[in-house]
Structures are given as structure tokens and as C-alpha cells.
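Heads up: the structure comes next, in C-alpha cells.
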Amino acid sequence: MPGDADDDMLSWDESVFREESVFEIDHVPETFRHRESQLESLKYALRPAVRGSRPLNTIVRGPPGTGKTTAVQKLFSELRARTEVRTVRVNCQVDSTRYAVFSRLFEGIFEYEPPSSGISFKKLFGQITDRLVEEDEVLVVALDDVNYLFYENEASDTLYSLLRAHEAHSGAKIGVIVVSSDLSLDVIDDLDGRVQSVFRPEEVYFPVYDATEIYDILGERAKRGFHEGVVGDAELDRIAELTAESGDLRVGIDLLRRAGLNAEMRASKTISVEDVEAAYDKSKHVHLSRSLRGLSESERALVRVLAANDGEQAGAVYEAFHEETDLGYTRYSEIINKLDQLGVIDAEYADVEGRGRSRELTLAYDADAVLDRLE
């Protein structure tokens with residue numbers, strides 16, 4: 001009946017969303033489920049800080065989208081609210097050098113940014129540790145996505161400075177949580193020997209959520225983010241199924257938001273399975289989008305060259321890259337290694353007749369999907 005159809009349509013000032021921000025990838029949910037044992041392990045490591053001592057250093061590992069960052073943010077929020085412990089989380093995808101990391105620590109402690117130029121690392125480091133000693137404060141640093149420090153060969157120097165701070169400045173108490181989503185990275189083995197000798201961390205592992213946990217978490221997120229009745233059981237089932245296939249909870253969270261936007265495009269008060277299927281084409285590339293977002297201009301230029309020369313030998317790709325950027329082979333090789341570690345490309349060695357072994361470079365994603373996300 002016409003009246004019934006109108007009842008299912010949104011008017012121009014209506015929305016399917018109750019609170020759209022809960023579908024942002026970096027939103028910290030009020031309820032954080034299925035990570036109780038990991039939270040307890042982290043609390044155990046941090047407990048000495050509450051008593052004024054240096055906490056245990058910790059490695060937090062697990063695939064992307066398994067709750068690692070959310071766990072750290074929840075605990076840091078709790079520490080700030082209930083204790084005198086100073087906490088700073090550094091996003092190493094953005095701050096991928098030792099100097100950048102310590103600039104972020106300076107900002108977290110002094111609540112203003114250090115001068116953009118003219119201050120040496122030694123002075124920056126000294127001001128941070130002097131303040132900690134003067135105020136008798138414990139600092140807990142989370143190096144989130146620490147793998148980016150390894151990609152830039154900055155991890156050993158950064159960790160060495162943090163872990164030796166109490167020796168350089170007597171009384172400075174700093175604990176470190178390193179968070180990595182790169183399961184191929186062996187954090188300890190890839191550090192210099194001088195760092196390995198002082199870095200004896202606890203390890204907390206975050207496994208992929210199973211199908212039941214995914215359904216539970218996404219259902220809770222949908223309840224908070226959408227008005228009642230917007231998502232039915234069949235639609236939520238399909239979203240959970242697609243998320244489980246990807247192994248990344250962030251795919252499901254993005255999928256909920258995009259499916260809601262698709263419903264609104266149709267002026268519908270409810271999400272259909274078709275809205276979900278259409279949204280998945282974009283949501284399935286959440287990890288790719290995030291990886292590309294953190295690249296420098298020269299790194300993005302190489303990705304564009306790779307898209308145009310997909311499957312070619314490294315030497316041929318270098319010629320095209322050099323022509324576009326004028327950068328040398330050393331920098332080119334460093335970027336190739338980084339893109340390979342990020343999972344954006346596959347760099348496989350192959351035998352080339354008359355030339356020995358060479359790397360064959362292929363994109364790990366559809367070229368159009370990559371180029372779309374570089375724009």
C-alpha cells in the first residue's frame with residue numbers, strides 16, 4: 001500500500017544514525033568485549049607504575065583489527081582518571097622517527113609542541129626526563145604500530161633512548177608498550193643487540209575474533225550507532241560473515257557505516273542485504289586505505305608507478321620511478337622493502353635468463369582499488 005511505503009521512507013531531515021561517530025575506526029567503545037584476559041595482562045604489567053615504580057615493558061601483538069589499540073586507549077584513559085601516571089600513545093605510522101616520537105612525548109608532558117626547529121634531540125630528551133624527575137612522575141609510552149619504526153630503521157635508537165633513560169637521567173621512570181600488527185616482524189630479533197640486552201618484555205597476544213565474538217561486538221556497535229530497527233538479523237549476520245572472512249573487525253565497523261549511508265541514499269529507514277553487499281566493495285579495503293594514508297609523497301609515487309608496471313622486474317620499475325622522482329636506487333629499494341612489509345606489494349625473487357635473480361614486483365590488491373585510494 002502507498003501509505004506503508006511512505007512509512008519506510010526517510011524524510012529529508014531524518015537519519016538512520018543515532019550516533020554516527022561510533023562507526024569511526026578510532027572510536028573507543030564504552031563496552032570492550034572479549035579481551036578480558038589481555039586487559040588483565042596489561043594491567044599486571046602497568047601495576048608497578050601506580051605504585052611509583054617503573055612498569056614492566058610489554059609487547060602487544062596481533063593481526064590488524066583485533067582490539068590492540070582500543071585496549072591501550074582504555075587502560076590509558078583509566079590510568080589518567082584514577083592515578084598520577086603520565087601516559088602518551090604515539091602513532092608510529094605518523095611519527096616514524098626517534099625525533100618525532102620524542103616530540104610527541106614532549107607535547108604529551110608539557111601540553112604544547114616543542115619548537116619545530118633549532119632544538120637538538122639531546123636537549124629534547126633532557127627536558128622530558130628532567131620534568132619526570134622534578135615531578136616524580138612515571139611515564140608509560142605506547143608505541144602504536146611500532147612496525148613503522150622498523151620500516152624506517154628507527155626502532156632500535158628509539159627504544160634504546162627510552163629504555164636507558166633512567167641511566168642517562170637518574171630517577172627517570174619510563175615504561176614502554178610496543179604494539180605491532182605485522183606478524184612477520186620479530187620485534188626482539190630485529191632490534192640491535194644493545195637494545196635486546198635491556199628489553200625483556202611481557203608479551204600479550206590479541207588473536208582474530210571468532211564469528212560469535214564479531215557478531216556480538218558489531219551488534220553492540222549497531223545498537224549504539226543506529227536507531228532501533230535499522231539493522232535486521234539477516235543484515236547483521238551477513239556483515240558479521242563478511243567481517244569474519246576478512247579477519248579484521250574494522251572491516252565490519254566500516255561496513256555498518258557504509259551500509260547505513262547506502263540506506264540513506266535510498267531514503268530508506270532500514271538497511272538491506274543489498275546495501276551491505278554494495279558497501280563491502282569499499283569496506284574490504286580498510287587495511288589498504290590505512291596503509292596508503294601514512295605514505296610519503298615519494299612512496300605514493302612508487303605505488304603509482306607499480307600500478308602502471310604491475311608484475312615487472314624491479315629494474316624496469318626503478319627506471320620508471322627514477323624518471324618520475326629523480327630519486328636513487330638506495331631510496332627506491334628502501335621503499336620497496338617497506339611496501340612489501342606493509343603488504344601493499346609482493347616482492348618475489350625470480351630467475352631471469354642471463355641476469356641471475358631479480359625481484360618481480362606485483363601489487364597485492366587490484367590496481368584500480370589502489371589508485372582510487374591514492375587520490
Side-chain angles (χ1 to χ4, degrees), residues 24-26 63-65 69 90-101 103-104 116-117 143-155 158 179-185 190 246 248 250-251 254 257-258 280-349 358-375:
E24 296 294 333
I25 298 299
D26 57 359
T69 296
V90 181
N91 178 355
C92 297
Q93 186 180 17
V94 176
D95 298 304
S96 57
T97 66
R98 180 178 69 161
Y99 193 92
V101 167
S103 293
R104 196 64 61 222
S116 55
S117 62
L143 298 176
D144 204 354
D145 277 326
V146 74
N147 30 302
Y148 283 88
L149 291 180
F150 283 92
Y151 302 158
E152 302 296 341
N153 296 316
E154 293 275 348
T158 303
V179 183
S180 175
S181 296
D182 184 347
L183 296 184
S184 67
L185 175 71
D190 286 4
S246 75
D248 188 338
R250 295 173 304 185
V251 169
D254 192 68
R257 183 177 69 88
R258 289 185 186 276
Y280 185 61
D281 277 342
K282 290 190 175 176
S283 294
K284 68 184 177 183
H285 291 308
V286 161
H287 184 64
L288 171 63
S289 299
R290 191 166 178 274
S291 296
L292 295 177
R293 201 178 304 132
L295 298 182
S296 68
E297 192 43 56
S298 58
E299 290 163 351
R300 295 165 76 86
L302 180 50
V303 174
R304 282 191 288 270
V305 169
L306 284 162
N309 298 270
D310 200 13
E312 295 197 20
Q313 300 295 326
V317 175
Y318 169 67
E319 294 299 332
F321 173 71
H322 177 69
E323 195 173 313
E324 182 167 328
T325 65
D326 209 30
L327 290 171
Y329 195 86
T330 301
R331 182 61 186 142
Y332 163 76
S333 186
E334 288 172 351
I335 298 173
I336 288 293
N337 289 337
K338 178 176 177 178
L339 294 176
D340 188 24
Q341 289 167 319
L342 281 172
V344 174
I345 66 169
D346 294 315
E348 298 289 337
Y349 279 95
S358 176
R359 282 194 292 187
E360 186 174 278
L361 307 176
T362 55
L363 290 172
Y365 298 87
D366 176 72
D368 289 338
V370 172
L371 292 172
D372 282 350
R373 282 156 185 80
L374 278 176
E375 310 245 322

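For S96, the side-chain hydrogen bond (donor to acceptor under 3.5 Å, both in side chains) criterion is met by no residue, not counting sequence neighbours. Not counting sequence neighbours, F150 has no partner by the ring pair (Phe, Tyr, Trp, His ring centres under 6.0 Å) test. With sequence neighbours excluded, the residues satisfying side-chain hydrogen bond (donor to acceptor under 3.5 Å, both in side chains) with S283 are D254. Remark: R290 pairs with D145 by the salt bridge (Lys or Arg N to Asp or Glu O under 4.0 Å) rule, at least two apart or across chains. When the ring pair (Phe, Tyr, Trp, His ring centres under 6.0 Å) test is applied to Y99, no partner is found at least two apart in sequence or on another chain. In terms of the salt bridge (Lys or Arg N to Asp or Glu O under 4.0 Å) criterion, D182 has no residue partners (sequence neighbours excluded). Remark: S291 pairs with no residue by the side-chain hydrogen bond (donor to acceptor under 3.5 Å, both in side chains) rule, at least two apart or across chains. For E334, the side-chain hydrogen bond (donor to acceptor under 3.5 Å, both in side chains) test picks out R331, with sequence neighbours left out. Every residue was checked against the ring pair (Phe, Tyr, Trp, His ring centres under 6.0 Å) condition with H287, not counting sequence neighbours, and none meets it.
Residues in residues 303-315 take part in these salt bridge (Lys or Arg N to Asp or Glu O under 4.0 Å) pairs, two or more places apart or across chains: E297-R304. For residues 360-372, no pair satisfies salt bridge (Lys or Arg N to Asp or Glu O under 4.0 Å), with sequence neighbours left out.
The closest side-chain heavy-atom distance from P63 to L183 is below 4.5 Å. In this structure the side chain of V94 never reaches within 4.5 angstrom of the side chain of Y148, judged on heavy atoms. Using a 4.5 Å heavy-atom threshold, the side chains of V101 and L149 count as touching.
In this structure, L302 CG and H322 NE2 are separated by 13.5 Å, a value rounded to the nearest 0.5 Å. Taking OG1 from T97 and CG from N153, the interatomic distance works out to 12.5 Å, rounded to the nearest 0.5 Å. Note: L363 CG to L306 CG = 6.0 Å, rounded to the nearest 0.5 Å. Rounding to the nearest 0.5 Å places CG of L295 at 9.0 Å from CD1 of I335. Distance check, rounded to the nearest 0.5 Å: OH of Y332 to OG1 of T325 gives 10.5 Å. Taking CG from L361 and CZ from F321, the interatomic distance works out to 12.0 Å, rounded to the nearest 0.5 Å.
Scanning both residues, V146 and S180, for their nearest heavy atoms gives CG1-CB, 4.0 Å. The minimum heavy-atom distance linking R300 with L292 is given by the pair NH1-O, 3.1 Å. Residues D248 and G65 share a closest heavy-atom pair of OD1-CA, 3.1 Å.
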Only pairs under 3.5 Å count here: list side-chain donor-acceptor contacts from residues 338-346, not counting sequence neighbours, and write none if there are none.
residue: K338; atom: NZ; partner: E152; partner atom: OE2; Å: 2.9
residue: K338; atom: NZ; partner: E299; partner atom: OE1; Å: 3.4
residue: K338; atom: NZ; partner: E299; partner atom: OE2; Å: 3.2

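In this structure, R373 contributes its side chain and A369 its backbone to a donor-acceptor pair below 3.5 Å. With hydrogens and angles ignored, the 3.5 Å screen pairs no side-chain donor or acceptor of R250 with any backbone N or O of P64.
Aromatic ring orientation, Y329 versus Y318: perpendicular (interplanar angle above 60°, classes split at 30° and 60°).
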